[in-house]
Amino acid sequence: MDQRTKPEEELANELEIGQNTRQALMDKVAAFANQYLEALPKAKAYDGKEVNQDAFTIGEQPKTIEEILTIFKEQVTESGIRASSGKHFGYIPGGGIYASSLGDYLAAITNEYAGIGYASPGAVAMENEVLHWLKKLFSFPETSVGNLTSGGSIANLIALTAARDKYGVKNEKIPNSVIYLTPQTHHCIQKSLRIIGLEDVIIRYIPVDERYKMDTEALERQIQADQSEGLFPYLVIGSAGTTDVGAIDPLDEIGQISQRHGLWFHVDGAYGGFFIMTSKKDLFRGLEKADSLVIDPHKSLFLPYGIGAVLVKDAEAVLQSNLYMANYMQDALSDELAKDPANVSPELTKHFRALRIWLPLQLHGIAPFIANLEEKLLLTTYFRDQLIGAGFRVGPKPDLSVSYFWYPYQGNQNTFNRRLLHYIHEDGRAFFSSTILEDKFVIRMAILSFRTKKETIGQAMEMILTCLEKTKEEFGA
Ligand SMILES: *Cc1c(COP(=O)(O)O)cnc(C)c1O
């Protein structure tokens, strides 16, 4: 090389790190990870402290790995919700199993191109094996197509787009087309509908019963009424585990109604899906009738954030929305289009997600995952009993591992419970979120982290009681 390019070359070479330095960096990161995990059981699950934006400044001068890890520790891991904690009971936790991090590491090192089989037949074969496993688990036919997405939202988006294209819901057809769901359906569905140009479809909110499950007689009546008015019902969305209360809709009945009227039946199992592997299997009866299904391995399979999955029976419908043949892609042509993840997803280049799920399943086998789910079901009952024993009221017996509670304060009950949650957040030893059910403010408990154990619940209970005392004192109760 020309002498003049020498300085550039040397600087450029800094990105290719030598073996000894690699090892030294890895040792420091691994030591950090071990310290983090060892300290986790005693760490707070929530801290409201503010982060210092300036600490993240990207300047000209490189920093040492020690400096970088310090910023990461202080500014990232010590504020907000500690999602890796077993004392995270808010929203839908999962924990994030260690083995997945090894998959992500290897995916990044090898940088396999997981979008197209031609580029990395192995990465794509691995993804297709994960999808095959999911198809078997949920009794979907082998001819279905699927995709590993970033999460449940994009997975739902892919399914809803396929339903739209299958039924040709576009242009003047949109305002006459009808979708059926319940008030408990996850809000990412409405968001998806807006993104895919369907904000003007008619959405019918079917009422739920006292356990927040879709009233299927009301569904049947509404579909008939809409049909006789000349509208175009085409899609029913059922939940296999709602986010608020973990309810599973009567999937079998919804499936039958959908089939009878020729509607697309979509099931959102982002939270609850993998409980099909447990003693609760019967609640999922009828799920195999669904035309499409969403599940989130970063929830009920305890993986770190960044992996959802969708299965769709009608391959044509999915390809119609996502297949695009550009000239620069012609070498990728093949008869088996749906085998290429890029043809089933809005993403072209994507993270090699299969490795973060395939590696842990191979390393641990399936049994420990099922045992964790069963354990979470038992812990849900245990936690509810503890709360009842302490004078709290709890919601109806849940289908899965999400429930809720409130303190029956004689007076402004909502204000009291809001204040109680305020003290819980201020304390932070365990984290809870809330919801409103029939105008009642309630505190949610979602037990899904693989790190949540019987002792963890004891610790959370202790914190709740301290906070209850504080609230009572404040209210003079
Ligand atoms: C979490 C959740 C979603 C959204 O999934 P993300 O992975 O957060 O994008 C959709 N539906 C249900 C039922 C959920 O619990």
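Count residues from 1 along the sequence. Model, not experiment: these values are computed from the prediction.
You'll find the ring centres of Tyr180 and Tyr205 outside the 6.0 Å limit. Taking the six-membered ring wherever Trp is involved, the centroid distance between the rings of Phe32 and Phe72 falls below 6.0 Å.
The only option from Asn343, Thr161, Asp165 that meets the side-chain hydrogen bond (donor to acceptor under 3.5 Å, both in side chains) definition with Ser321 turns out to be Asp165.
With Phe140 as the aromatic partner, Lys313 meets the cation-pi criteria of under 6.0 angstrom to the ring centre and within 45 degrees of the ring axis. Within the cation-pi definition used here (under 6.0 Å to the ring centroid, within 45° of the axis), Lys289 does not qualify as a partner of Phe265.
Here the straight-line distance linking atom CZ of Phe274 with atom CG of Leu400 works out to 13.5 Å at 0.5 Å rounding. Separation of atoms SG (Cys467) and CZ (Phe432) is listed at 9.5 Å; rounding is to 0.5 Å. Atoms CZ and CZ, on Phe405 and Phe383 in that order, are 5.5 Å from each other to the nearest 0.5 Å. We find the CG-CD1 distance between Leu69 and Ile65 to be 4.5 Å, quoted to the nearest 0.5 Å. A distance of 8.5 Å separates CG of Leu301 from OG of Ser100, quoted to the nearest 0.5 Å. Rounding to the nearest 0.5 Å gives a distance of 11.0 Å between CG of Leu293 and CD of Glu288.
A salt bridge between Glu142 and Lys136 is absent, with no side-chain N of the basic residue lying under 4.0 Å from a carboxylate O of the acidic one. Salt-bridge formation is not detected for the pair Glu127/Lys339: no Lys NZ or Arg NE/NH1/NH2 atom is positioned less than 4.0 Å from an Asp or Glu carboxylate oxygen. Salt bridge Lys49/Asp47: absent, no basic N to carboxylate O contact under 4.0 Å. One finds a salt bridge joining Lys213 and Asp399 here, because a Lys/Arg side-chain nitrogen approaches an Asp/Glu carboxylate oxygen to under 4.0 Å.
Under a cut-off of 6.0 angstrom, the local environment of CD in Glu78 is crowded, with over 12 non-hydrogen atoms contributed by other residues, nucleotides or ligands. Heavy atoms from other residues, nucleotides or ligands lying under 6.0 Å from CD of Glu67 number more than 12. Counting heavy atoms of neighbouring residues, nucleotides and ligands inside a 6.0 Å radius, atom NZ of Lys170 does not exceed 12 of them. The neighbour count for Gln362 CD, taken as heavy atoms of other residues, nucleotides or ligands under 6.0 Å away, is above 12. Counting non-hydrogen atoms of neighbouring residues, nucleotides and ligands closer than 6.0 angstrom, the CZ atom of Arg285 reaches no more than 12 such neighbours. Within a 6.0 Å radius of CG in Asn13, more than 12 heavy atoms belonging to other residues, nucleotides or ligands are found. Heavy-atom neighbours of Tyr105 OH from other residues, nucleotides or ligands within 6.0 Å: at or below the threshold of 12. By the neighbour-count criterion of 12 heavy atoms within 6.0 Å, atom OH of Tyr98 is sparsely surrounded, having that number or fewer from other residues, nucleotides or ligands.
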### Message
Assess the residue pair Arg451 and Leu40 against the criterion (side-chain contact (heavy atoms from CB on, under 4.5 Å)); give the C-alpha distance rounded to whole Å, side-chain angles, the decisive distance to 0.1 Å, and a yes or no.
### Response
CA-CA 10 Å; Arg451 294 197 174 101; Leu40 194 51; 3.6 Å; yes
Step by step, work out the salt bridge (charged side-chain N to carboxylate O under 4.0 Å, His left out) result for Arg22 and Glu16. CA-CA 10 Å; Arg22 274 204 305 268; Glu16 188 61 285; 5.0 Å; no
- Item | Test log, rule side-chain contact (heavy atoms from CB on, under 4.5 Å), inputs Phe275 and Ile248 | CA-CA 11 Å; Phe275 281 96; Ile248 302 180; over 6 Å; no
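Between the side chains of Ser292 and His266, at least one donor N or O sits under 3.5 Å from an acceptor N or O. Under 3.5 Å, the side chains of Arg444 and Ser433 contain a donor-acceptor pair of N or O atoms. Using a 3.5 Å distance cut-off with no hydrogens or angles, the side chains of Asn34 and Glu38 do not pair a donor with an acceptor. Side-chain polar atoms of Tyr271 and Ser300 form no donor-acceptor pair below 3.5 angstrom.
Between Tyr36 and Arg82 the shortest side-chain heavy-atom distance falls below 4.5 Å. Within the 4.5 Å cutoff, the side chain of Thr380 has heavy atoms near those of the Pro398 side chain. Side-chain contact between Leu193 and Ile203 is present, with at least one heavy-atom pair separated by less than 4.5 Å.
Arg356 contributes a side-chain N or O that, together with a main-chain N or O of Pro304, makes up a donor-acceptor pair within less than 3.5 Å. Remark: the backbone N or O of Pro341 is paired with a side-chain donor or acceptor of Asn147 at under 3.5 angstrom. Checking side-chain atoms of Thr77 against main-chain N and O of Lys73 turns up a donor-acceptor pair under 3.5 Å. Panel note: side chain Asp314, backbone Ala317; a donor-acceptor pair is recorded below 3.5 Å. His132 places no side-chain N or O within 3.5 Å of a backbone atom of Leu134 that could act as its donor or acceptor partner. No side-chain donor-acceptor contact under 3.5 Å links Ser239 to the backbone of Gly241. Judged purely by atom type and a 3.5 angstrom limit, Thr185 has no side-chain atom pairing as donor or acceptor with the backbone of Leu181. A donor-acceptor contact shorter than 3.5 Å is absent between the side chain of Ser177 and the backbone of Val169.
Ring geometry, Tyr167 versus Tyr234: the interplanar angle falls from 30° to 60°, so the pair is classed tilted. Relative ring orientation between His298 and Tyr305 is described as perpendicular, the plane-to-plane angle rising above 60° on a 0-90° scale split at 30° and 60°. Note: Tyr46 and His425 have tilted aromatic rings, judged against thresholds of 30 and 60 degrees for the angle between ring planes.
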